[in-house]
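Below: one structure, written as structure tokens.
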Amino acid sequence: MCIKYNHEKVEKKWRKYWEENPVNQEDPSKPKYYCLDMFPYPSGSGLHVGHWRGYVLSDVWSRYKVLQGYQVLHPMGWDAFGLPAENDAIQKGIHPEVGTARNIATFKRQLHEISAIYDWDREINTTDPEYYKWTQWIFVQMFKKGLAYEKEMPINWCPSCKTGLANEEVVNGSCERCGSGVTKKNLRQWMLKITAYADRLLEDLDQLDWPEKVKKMQRDWIGKSYGAEVDFTIEGMDKSIKVFTTRPDTLYGATFMVLAPEHAMVKELTTEGQKEVVEQYVQTASMKSSVDRMADKEKTGAFTGSYAINPLTQKPIPIWIADYVLADYGTGAIMCVPAHDERDFEFAKKFNLSITPVIQKEEGDIQEITEPYTGEGKMINSGQFNGISSEEAKEVIATYLEEQQIGKKTVSYKLRDWVFSRQRYWGEPIPIIHCEKCGATPVPEHQLPVTLPEVESYEPTGTGESPLAAISDWVLTTCPRCGEPARRETNTMPQWAGSSWYYLRYVDPYNEKEIIDKDKAKEWLPVDMYVGGIEHAVLHLLYVRFYTKFLYDIGVIDFEEPFTFLFNQGMITKDGIKMSKSKGNVVSPDDLVNRYGCDSLRMYELFVGPPELDSEWDDRGIEGVYRFINKVWNLIAENATSKKEATEEMERLRHQMIYEITTRLDQFNLNTVVSGFMEYTNKLIDLAKKEGGIDPETMDALIILLAPFTPHIAEEFWEMRGHKNSVFEQTWPIYDEEKMKEDRIEMAVQINGKVRDTITVGLEEDKEEVLSKAKTAIADRIQGKTIVKEIYVPNKIINIVVK
RNA sequence: GCGGAUGUGGCGGAAUAGGCAGACGCAGCAGACUCAAAAUCUGCCGGUGGUGACAUCGUAUGGGUUCGACUCCCUUCAUCCGCACCA
């Protein structure tokens, strides 16, 4: 007989129960575990099955930890500042606050469908003044430490969003948000000195249990390289130019020099005759967008007319400008060694500049140089350094430069300081007041938050001013230091500001006096498990590490890394492409929940594939999970009141099941946990049929194992079994390896590595017995042949090698 | 260009201190139940040959190590991702 379960009724019942009896109640005696999801931006389009995946994953993990006896912190909140709400405001005239609140309500309703054990009492919202008060507070602390500073410089500018962007927000030369080509714009900007933390951000990666891919991306982004700064004096001038090189060993081969078009000395170095050419080149270079500059690999440049002196050869070398040299890396100027650098070689060929080899690949004369040699070798044409290896020369020449005071060993980073101001409305106002007399002055802490004022138009001005600049009665204020009339800073913070420290606030969300209580921080932090997509590898995940280190430095917290363990879940794809509203390929969870229930969908989200890889979505597959749940229902329903004693075989199956589920879960192989449940349930059903029932202990173990995955049905089963309390008040079952062991096992018998038969052997049988049994089994196959070798691997295989 | 990941039936995927490839599920086929359908249950389900027990090939490609390779080493190819003139 088949009894079908009513998922709607069951799920409704237990949701109501959990509302009155939360699963994860406060208990000071329990050890703490903090499991965090990357909080979402509440967009208007709602959740699809791809979003579910990460949330299910972290909830399964949280519930598992509850059953292991932890008190779990599993909060949720909203990263709610950002462009879409603001663009809606511009188009539809709805205040971003209104639109955001509406989207949050939708998101929250949809998240409830997952039945995660979120602690909604700790919900945070980055746009709440009570929250961003502290976002601003951190900025003020950074300002006081000199880590937030103003600078006028050419920055990345998105012409469509009409705002400046951080380096991290430029992806392949385009705006990370809207995809428009990024240009440069000279603007006064607030910057955060993340470069001051470059070394610590790099070194501390080693201690993190994060995916190697993310760590590598961060290492590459920080881009530390060792080298030397070398001074080249300018011929006929009492000045010098500093260059950065990672190859001091090639200094004798430096036959020309190139400056970035934006280099400060370009004007000074340009001779009368070259003026027109140089000015034209600088002009053209400044017009190029990042995309063009990247796509256009053909070398271009202009000669300034001036010469520098190579400090080792004492020969004059021409100074050029070219846009393949970046203004904001190293010193913005390079020495060029065309014989040993591909780019310099290309440039030298194009403009017919001389090429001097200084490293010999192998013995013999160098004929003509047809391509640059970038490897190691023996030094030549390098005066006193001839004959040593180039590897050695790197160190020796750098040391020599230091002794002669014409250079010094140094390091350089690809990481740039963080452009932190945005010329948009919907963000945290930067809490600074500009006073003519006192300069930039932070808003006193007791006056925080500086709240966002109402504006008439949210439209970005495009001039480099934020819409806030138009509200004169907000802008005009007095200097907190001298009391004279002053102006408020009108730029806002980037969306990353609020998310760079939010994980702290969940621990102590209502604290009005400080950002977080020290004792509570000690109790809960850092985060034990952080779950989210990989798209933030060098954005959010870098920024949040920077903020954490800063807060450590000023004594707010006593740890330096926010997330001990990071898990990146793969995307859900449909027809091979990422599921998204704009692609029109989203699958809504609503129908599936209605038809099969939350428990089925939760389990299916895990079953689609390895959680760290992208997985293709197929609605039909959920049927299998649904059938599985019904099978368990029947098994439990038919045996609910069973008082049967477990047979040895049943007990063995139980321990094997606990072992398999637990170890797979611990390794995060969640797709195989689900298949494991199916496999063992099938075995239990077969055995129950054979033995006329199943014992209570095995049933209870199965129910507890299922609880993190299918919580509603697990509670229902628990109740069916006659237990009074919640299944989540139980403890995770443990296995006994002794009781898992089979007393008879099947072994494959191979001839020359090919399986020809199988034999059943008992635990007590020794090598000789097994081998003779095997040989009997394959006797007619090896008749007349000579046995060369016999391989016996206990419990695994027998291989008879014959000739 | 550099770096990384991935490649197994019609499909999603199992199996790595080297040891019976295809677990589990989807789809499909056949049967049972039914007036019928759905649901459920049972069986089959990589290719080729054979009525058949069986033989043979088979984990992107070609080679190597080994008694034995999806797993280790080398070659090539394809797809995806990251970085991209960082001196």
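Just so it is clear: chains get the letters A, B, ... in the order the sequence lines come, proteins before strands, and each one is counted from 1.
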Any idea which of B:A87, B:A23, B:C20 is nearest the A:Tyr329 side chain?
B:A87
Does a nitrogen or oxygen in the side chain of A:Asn671 sit under 4.0 Å from OP1 or OP2 of B:A14?
yes
A:Val801 near the nucleic acid: base, sugar-phosphate alone, or nothing, with a heavy-atom cut-off under 4.0 Å?
sugar-phosphate
Sugar-phosphate, base or nothing in reach of A:Asn682, heavy atoms under 4.0 Å:
sugar-phosphate
Need the pair for B:A60. Rule: Watson-Crick or G-U wobble, both distances under 3.5 Å, any strand; none if unpaired.
B:U76
Between B:U75 and B:G64, how far is it from one C1' atom to the other, in whole Å?
10 Å
Quick check: do A:Pro338 and A:Thr255 have side-chain heavy atoms less than 4.5 Å from each other?
yes
At under 4.0 Å between heavy atoms, what does A:Glu616 touch on the DNA or RNA strands: base, sugar-phosphate, or nothing?
nothing
Rounded to whole Å, how long is the line connecting atom CG of A:Asn568 with atom P of B:G82?
13 Å
Out of B:C67, B:A87, B:G25, which nucleotide sits closest to the side chain of A:Met678?
B:G25
Name the closest nucleotide to the A:Phe244 side chain, picking from B:C85, B:A87, B:C67.
B:A87
Take atom OH of A:Tyr680 and atom C1' of B:A23, then tell me their distance rounded to the nearest Å.
11 Å
A:Ile334 has a side chain; which of B:A87, B:C85, B:C67 sits nearest to it?
B:A87
Nearest whole angstrom, please: distance from the P of B:A84 to the CG of A:Leu415.
13 Å
Base, sugar-phosphate, or nothing for A:Phe607, non-hydrogen atoms under 4.0 angstrom?
base
RNA chain B: A:Lys216 or A:Val538, which has the more 5' nearest nucleotide?
A:Lys216
So if I take every side-chain heavy atom of A:Val793 and compare against B:G13, B:C83, B:G19, which nucleotide ends up nearest?
B:G19
Relative to the ring of A:Phe351, is the ring of A:Trp320 parallel (under 30°), tilted (30 to 60°) or perpendicular (over 60°)?
tilted
Tell me, with the steps shown, if A:Leu259 and A:Leu269 meet side chain to side chain contact (heavy atoms under 4.5 Å, CB included).
CA-CA 11 Å; A:Leu259 310 187; A:Leu269 292 169; 3.6 Å; yes
Starting at atom CD of A:Glu298, determine the distance to atom P of B:A84, rounded to an integer number of angstrom.
22 Å
When the P atoms of B:A23 and B:G43 are compared, how many Å lie between them, rounded to an integer?
14 Å
Same-atom distance (C1') from B:U66 to B:G4, integer angstrom
30 Å
A:Asn669 has an atom CG; how far is it from atom P of B:A14, in whole Å?
8 Å
Provide, to the nearest angstrom, the distance between the CG atom belonging to A:Asp341 and the C1' atom belonging to B:C85.
9 Å
Is it true that A:Glu212 and A:Lys215 make a salt bridge, defined as a side-chain N closer than 4.0 Å to a carboxylate O?
yes
Any N or O donor-acceptor pair linking the side chain of A:Lys796 to the base of B:C20 at under 3.5 Å?
no
Tightest non-hydrogen contact, residues A:Met265 and A:Ser240, listed as SD-O, 4.1 Å
4.5 Å side-chain heavy-atom contact, A:Ile713 and A:Leu706:
no
Watson-Crick or G-U wobble partner of B:A17, both distances under 3.5 Å:
none
Just how far, in rounded Å, is P of B:G10 from CZ of A:Arg620?
16 Å
Ignoring backbone atoms, establish whether A:Arg627 has a side-chain N or O less than 4.0 Å from OP1 or OP2 of B:U40.
yes
Could you pick out which residue, A:Trp221 or A:Thr331, lies toward the 5' side of RNA chain B when each is mapped onto its nearest nucleotide?
A:Trp221
Let's see if you can work this out: which of B:A23, B:A84, B:G19 has an atom nearest to the side-chain heavy atoms of A:Ser675?
B:A23
May I ask you to evaluate whether A:Lys754 reaches the phosphate of B:A21, defined as a side-chain N or O under 4.0 Å from OP1 or OP2?
no
Parallel, tilted or perpendicular: which fits the ring planes of A:Trp418 and A:Tyr543, with parallel below 30° and perpendicular above 60°?
parallel
Below 4.0 Å: OP1/OP2 of B:A87 and any side-chain N or O of A:Ser225:
yes
Between B:C24, B:A14, B:C20, which one does the side chain of A:Pro610 approach most closely?
B:A14
Whole-Å P distance, B:G22 and B:G46
10 Å
Ring-face cation of A:Lys350 near A:Phe347 (centre distance under 6.0 Å, axis angle within 45°):
no
Can B:G9 be described as syn, meaning its chi torsion is within 90° of 0, or is it anti?
syn
Are A:Arg219 and B:G3 close enough that a side-chain N or O sits under 4.0 Å from OP1 or OP2?
no
From the candidates B:C24, B:C81, B:C20, the one with an atom nearest any side-chain atom of A:Glu746 is B:C20
Counting Watson-Crick and G-U wobble pairs only, both distances under 3.5 Å, name the nucleotide matched with B:G3, or none.
B:C81
B:C29 - base-pair partner by Watson-Crick or wobble geometry, distances under 3.5 Å
B:G43
Any strand counts, and the cut-off is 3.5 Å on both contacts for Watson-Crick or G-U wobble. Which nucleotide pairs with B:A87?
none
Looking at B:A21, B:A23, B:U56, which one has an atom nearest to any side-chain atom of A:Val755?
B:A21
Checking B:C67, B:G25, B:A87 against the side chain of A:Asn799 (C-beta onward), the nearest is B:C67
For B:C67 and B:C20, measure between their C1' atoms and round to the nearest Å.
16 Å
C1' spacing across the pair B:U71 / B:C85, given as an integer number of angstrom
41 Å
Please classify the nucleic acid contact of A:Asp220 as base, sugar-phosphate, or nothing, using heavy-atom distances under 4.0 Å.
nothing
B:A23: pairing nucleotide in any strand, Watson-Crick or G-U under 3.5 angstrom:
none
Taking the same atom, P, in B:G68 and in B:C80, what whole-Å distance lies between them?
38 Å
Provide, to the nearest angstrom, the distance between the CG atom belonging to A:Leu670 and the P atom belonging to B:G25.
18 Å
Using only side-chain N and O atoms of A:Arg664, determine if any of them is under 4.0 Å from OP1 or OP2 of B:A23.
no
Do the rings of A:Phe628 and A:Phe677 sit parallel, tilted or perpendicular, given the 30° and 60° boundaries?
tilted
